[in-house]
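In what follows, a structure is listed as structure tokens, so that the remarks can point back to it.
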Amino acid sequence: MKTSVELSPVPVTTAPALRLTQLFAGLVCFGTSMAMMTRSGLGLNPWDVLHEGVADRTALSFGTVTALTAVAVLALWIPLRQRPGVGTVANVAVIAVVVDLVRWVLPDAHHLAWQVALLLGGIVLNGFATAVYVGARLGPGPRDGLMTGLSARTNWSVRLVRTAIEVVVLAAGWLLGGTVGVGTVLFALTIGPLTQLFLPYVTWSPKRA
């Protein structure tokens, strides 16, 4: 039986120690998963294809591009009347720092077995990390907020809006030289089911507090 999960934002003053710890743990895992996928060389998720493409054409680090892109996306929240939360701000800062740190200590993979391990591990960790930080219910990440804001303003389904955004982002990243490969397709097919699988186990609720 399918069980719904309540994900609406909850004030940070409610169970702050537990939920902030969960938020930051999720964001650290998310940044780590991004770094793992970039080092696999087998393809990235659409946003990271864009980040890599921009980073390759500038003197900026991957993490810096990630943060700058997030800030640009947040600017798009203004006409959509979206309100950032603690989780939104933390998303920008923590992920950018963590992805650069992990990329610094994790070398590129050159053997297929290691590439596959990094790719699969990164995708699963990304799904888990997304569920953990979203499940803290402290506000959506910049890209998630753009998706939900556009959906609310256009009356288009979240699925349609997300697909449209990621197709545009992927195309732009590919044109800039970002890595598109089997990992890109695998991520697109599995990240939704993986996140949904983990959400019921990690989402904060008063009943579990």
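The two residues G127 and L194 have their closest heavy-atom pair at CA-CB, 4.2 Å. Q115 and A109 get closest at one heavy-atom pair: CG-CB, 3.5 Å. Closest of all the heavy-atom pairs between G183 and I123 is O-CD1, 4.2 Å. The two residues N91 and P142 make their nearest non-hydrogen contact at OD1-CD, 3.4 Å.
With F128 as the fixed residue, the ring-ring contact (aromatic ring centres under 6.0 Å, His included) test singles out one of Y201, F30, F198: F198.
Side-chain contact between L44 and V180 is absent, with no heavy-atom pair separated by less than 4.5 Å. Looking only at side-chain heavy atoms (C-beta outward), V49 and T179 stay at 4.5 Å or farther from each other. Contact annotation: the side chain of L50 approaches that of W47 to within less than 4.5 Å [non-hydrogen atoms, C-beta and beyond]. For the pair V132 and C29, the minimum side-chain heavy-atom distance is 4.5 Å or more. Side-chain contact check for D144 versus Y133: some heavy-atom pair is nearer than 4.5 Å. In this structure the side chain of T203 never reaches within 4.5 angstrom of the side chain of E6, judged on heavy atoms. Within the 4.5 Å cutoff, side-chain heavy atoms of V92 are placed close to those of V71. Within the 4.5 Å cutoff, the side chain of D108 has heavy atoms near those of the H110 side chain.
Between the R137 side chain and the V10 main chain, no donor and acceptor come within less than 3.5 Å of each other. Listed for the T154 side chain is a donor-acceptor partner under 3.5 Å among the backbone atoms of L150. In this structure, the side chain of R103 does not engage the main chain of A35 through any donor-acceptor pair within 3.5 Å. Side-chain atoms of D100 come within 3.5 Å of backbone N or O of G63 as a donor-acceptor pair.
Both the sub-6.0 Å distance and the 45° axial angle are not jointly satisfied by R83 relative to the ring of W77. For the pair R19 and W204, the distance from NZ or CZ to the six-membered ring centre is under 6.0 Å and the angle to the ring normal is within 45 degrees.
With rounding to the nearest 0.5 Å, the separation of OG1 in T38 from NE2 in H51 is 12.0 Å. Taking CG from L199 and CD from Q196, the interatomic distance works out to 5.5 Å, rounded to the nearest 0.5 Å. Annotation: the span from L20 atom CG to L138 atom CG amounts to 5.5 Å, rounded to 0.5 Å. In this structure, CH2 on W104 lies 13.5 Å from OG on S61, to the nearest 0.5 angstrom. Rounded to the nearest 0.5 Å, atoms CE (M37) and CG (L42) are 9.0 Å apart. For the atom pair CD (E166) and CG (N45), the distance works out to 7.0 Å, reported to the nearest 0.5 Å.
Side-chain contact annotation: T69 with T66, donor-acceptor N/O pair under 3.5 Å absent.
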